[in-house]
Amino acid sequence: MGYGGWVRRGEKPAWYTGFFPPRDMDFLAGLNPQQREAAEHFEGPLLILAGAGSGKTRVITHRICHLIQARGVAGGAILAVTFTNKAAGEMRDRVTRLLGSDSSLEAPLISTFHSFCVRLLRRDGDALTPLRPGFTRNFQIYDDDDQTAVLKRVYKQLGITEEFLKPRAALSIISRGKNHAQTPQDFYEQAASPQAERLAKVFEEYENGLREANALDFDDLLLEGVRLLGHDAATREWYSRRYRFLMVDEYQDTNRTQYELMRLLASKHSNVVVVGDEDQSIYGWRGADIRNILDFEKDFPGARVIRLEQNYRSTKTILDAAGAVVANNIARKGKWLWTEAGAGTPIGVFEADDGEQEALFIAETIDKLLRAEPASHVAVLYRTNFQSRQIEEALRRYGRKYKVVGGFSFYQRAEVKDALAYVKLLVNGRDNVALLRILNVPARGVGKTSVEQLEKLARERHISLWEAIAQGCDEHKYGARAEAALGAFRRVIERLREGLPSQAPHETLRRIVDESGYGAMLRADPSPEAESKLGNLQELMAAAADAAARGESMEEFLDHAALVSDADQVDETAPVSLLTMHNAKGLEFPVVFIAGVEEGLFPHSRSRDSEEQLEEERRLCYVAMTRARQRLYVSHARYRRRYGGSPPEPCTPSRFLKEIPTHLMEILSARRADPYQVELSDEQQMVREVARRNTYTGKTYNSLDHISQFFAERGIQINPPRAAAPARAAETSYPGGARVSGPVPQPRVEPAAGPAKAANSPVKHGESAAQSASFAVHPAAGPKPAAAVKRGGTIRAGATVSHPKYGQGLVLRKEGEGEDAKLTVSFSGHGLKKLVARYASLKVLD
DNA sequence: CGCTATTCATTTTTT
DNA sequence: ATGAATAGCG
């Protein structure tokens with residue numbers, strides 16, 4: 001991410017450039033009176049209550065430019081904080097465009113709270129070491145997965161099972177505690193039950209785990225940033241002098257720590273402009289404190305308040321409906337958006353029989369809309385991620401390309417995380433989570449027992465696992481086999497580490513893949529997944545190369561990887577986007593579908609018991625509805641199955657649906673005798689029939705295309721991977737798409753029982769010889785058992801064999817060749833068994 | 001120890 | 001339906 005505007009300590013912190021524009025560029029033209037007033041605001045606190053679609057980004061960017069050009073403020077004195085990296089990037093672009101090509105102007109710093117803190121700590125974090133023993137500026141950032149890994153380790157160490165509390169749940173309690181400035185000691189003191197005490201212990205050990213690894217979780221980034229500024233007067237002084245003008249976007253979603261950070265930064269000047277909308281506060285569950293915005297005028301006496309209530313986005317119908325819904329909330333300042341736009345079309349409400357029909361309705365309507373208007377953009381919003389699956393499937397049936405936001409982002413993929421774990425371990429030998437992740441990937445013969453011994457030694461000597469490997473091997477603490485395996489691992493890491501300082505990041509990654517055996521492991525795996533993983537690693541290297549070309553270090557590359565979020569990958573120019581309502585914040589689309597508007601799903605059942613949480617769900621509804629510019633569809637099902645399996649449960653329409661005035665709705669349900677709908681139903685029936693015949697279960701993960709796109713969106717060029725997998729049959733790429741599927745689902749050969757299908761199966765006999773030949777070039781990484789006897793060579797499907805334990809059996813199916821062949825054998829009295837030729841001592845009888 | 005077939009639980013929302 | 005944790009085999 002852009003690191004512009006960052007000045008080292010010691011350089012002169014000038015706020016005023018003394019620069020005056022040669023011509024008075026008017027950044028205020030085209031703004032309405034309120035927007036203009038806000039953009040013109042110079043010093044002192046200001047709260048901008050900006051309703052949905054009221055042009056707040058415009059106001060912020062214009063204010064920045066106005067400060068720079070009309071007020072002569074140095075760009076470097078301005079800090080604007082946004083909610084996502086994407087929002088920050090867009091704001092930077094807009095400011096750059098507004099300021100024109102005048103490169104003499106210093107760029108303002110626009111970033112998220114989290115990336116701001118990372119930079120703060122990386123640059124000036126030394127003063128934190130006394131407060132956080134073991135801390136250095138080389139700290140690692142632990143994401144969600146890493147946090148869970150730490151916690152699981154803690155559980156194991158304390159002998160706690162997940163029945164006590166699921167790690168995710170424990171993490172969320174710990175996180176809430178941390179955000180309220182609570183320590184494990186506070187937890188102990190407040191503990192009223194043995195369980196609570198145990199949780200305090202878990203919390204304590206979790207924190208120890210982070211400290212031992214010199215790692216910070218997301219909460220720590222902010223907390224330690226605050227601690228640093230609070231504790232070290234010189235640093236605080238420097239930063240608050242440097243950033244003389246602060247702006248915070250999405251202020252309603254800031255938490256306590258972010259608030260404190262802002263206070264510290266504003267301590268010198270109180271030039272704070274915050275922009276927010278209490279009706280769009282949807283992150284209370286993650287610690288966002290709505291009081292921050294409700295109490296701003298109290299916190300900053302003399303603050304001005306400007307309301308932006310004219311909406312430039314939606315039709316009057318959409319606005320009135322959303323307003324009517326949110327009006328049912330009590331905790332709000334109250335405002336009513338107005339627009340000069342016309343009423344537009346009524347809100348389409350569809351009641352489906354079940355989830356499948358709902359999905360088909362959505363897909364079909366999208367298909368029709370896009371046929372009529374191919375350049376349009378449609379978003380399907382839902383409450384929970386799992387809802388995307390059905391809708392994806394329906395869209396595939398209609399041959400519509402779509403892009404799913406969330407779920408698996410590139411940096412969360414196992415192979416990418418593995419490769420980065422190697423890097424992390426090279427950079428920081430104390431990173432136990434990284435070490436455990438890759439210790440036996442690829443398989444090196446380090447198993448559960450060895451890991452336990454390692455952990456034991458590390459705990460006894462208060463050393464990291466890495467040191468435990470070194471010391472334990474040197475002192476022959478482990479068994480011969482374990483020592484050999486651990487020694488091999490140690491040598492690999494040490495050799496890789498030697499090159500680290502002198503080599504470019506992508507070179508390090510390449511060597512990791514080549515020399516750790518990871519690449520060989522994947523190449524030895526004939527599955528398409530392995531091929532795609534290799535492709536992803538190529539992409540990762542390309543991304544690292546580009547980061548290096550921009551002058552980023554390996555550490556910065558890792559930071560970037562840790563801080564990208566799902567919301568950053570939204571592509572508003574895709575024809576069809578599928579995303580959660582949360583991820584839709586700040587976006588707009590001409591056409592929006594809101595799916596699954598049912599009690600229990602939306603509002604979510606977990607929110608049903610508290611009025612506060614219900615209001616948050618209602619705000620979420622408001623956010624979702626106000627994403628739409630022209631058309632809004634809302635759908636729900638009468639029956640929905642909770643899990644893939646059994647019975648569909650009856651669902652009642654959401655209370656939010658009832659809060660929409662009926663005169664703004666148009667009922668589209670199939671049950672109505674609407675000729676248009678009858679036509680829909682017929683077609684739906686047909687599609688269903690066809691779909692039944694080709695049960696297509698395509699991948700629902702992001703495709704390779706997506707990953708190129710992912711980087712392309714960040715301005716990172718990707719060279720097409722040389723060894724790229726041939727595009728999967730059912731997937732095609734289109735510019736701007738992820739998880740793209742082509743119009744014609746590739747029919748798969750139906751697996752049937754018995755030997756007949758073995759002959760049909762594509763990966764069989766004829767081709768397999770050629771395949772195993774090509775894979776033989778890359779031998780499998782694991783050592784083969786010496787006892788392997790060539791027995792499988794002559795076994796064919798249809799052969800009768802004899803097994804020492806199961807007796808006589810008939811070979812039904814054979815996958816692969818030679819010793820690696822997997823055999824499906826039917827033994828009388830023992831049923832079907834899957835055996836590997838190498839291990840099963842089979843004798844051929846005929 | 002590694003692989004696989006099985007069971008089992010799993011669905012809020014995420015910087 | 002899917003993925004993650006576990007039991008049993010070689």
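In what follows, every chain begins at residue 1, and chains take the letters A, B, ... in the order their sequences are listed.
- No side-chain donor from either of A:Asp249 and A:Thr82 sits under 3.5 Å from a side-chain acceptor of the other.
- Going from atom CG of A:Leu439 over to atom P of B:dC1 covers 11 Å, rounded to whole Å.
- Among the protein residues, A:Phe113 comes within range of no part of the nucleic acid, since none of its heavy atoms lies under 4.0 Å from any strand.
- Atoms CG (A:Asp249) and C1' (B:dT15) sit 14 Å apart, rounded to a whole Å.
- Nucleic acid contact class of A:Lys152 (heavy atoms, under 4.0 Å, all strands): sugar-phosphate only.
- What separates CD of A:Glu393 from C1' of C:dT2 is a distance of 13 Å, to the nearest Å.
- In this structure, the side chains of A:Lys585 and A:Asp253 come closer than 4.5 Å at one or more pairs of heavy atoms.
- In this structure, A:Arg122 is positioned above the aromatic face of A:Phe139, its NZ or CZ under 6.0 Å from the six-membered ring centre and within 45° of the axis.
- Using a 4.0 Å heavy-atom distance criterion, A:Ser605 is classed as making no nucleic acid contact.
- Residue A:Lys448 is the one, among A:Lys448 and A:Asn255, whose nearest nucleotide of DNA chain B lies closer to the 5' end (criterion: closest heavy atom).
- Screening A:Arg383, A:Arg640, A:Arg655, A:Arg642 for a salt bridge (charged side-chain N to carboxylate O under 4.0 Å, His left out) with A:Glu598, the sole residue that qualifies is A:Arg640.
- Comparing the C1' positions of B:dT13 and C:dA4 gives a spacing of 22 Å, expressed to the nearest Å.
- As a whole-Å value, the separation of A:Asp525 CG from B:dC3 P is 10 Å.
- Going from atom CG of A:Asp289 over to atom P of B:dT15 covers 20 Å, rounded to whole Å.
- In this structure, A:Asp143 places its CG atom 11 Å from P of B:dT15, rounding to the nearest Å.
- Side-chain N/O atoms of A:Glu611 and A:Gln613 include no donor and acceptor closer than 3.5 Å.
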Checklist line | Where protein sits on nucleotides 9-14 of chain B, one letter per nucleotide: B base, S sugar-phosphate only, - none, heavy atoms under 4.0 Å | finding: -BBBBB
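- Note that CG of A:Leu558 and CG of A:Leu563 are 10.5 Å apart. Values are rounded to the nearest 0.5 Å.
- Heavy atoms of A:Asn440 sit under 4.0 angstrom from primed sugar atoms or phosphate atoms, though from no base atom.
- Using a 30° and 60° split on the angle between ring planes, A:Tyr283 and A:Phe83 fall in the tilted class, from 30° to 60°.
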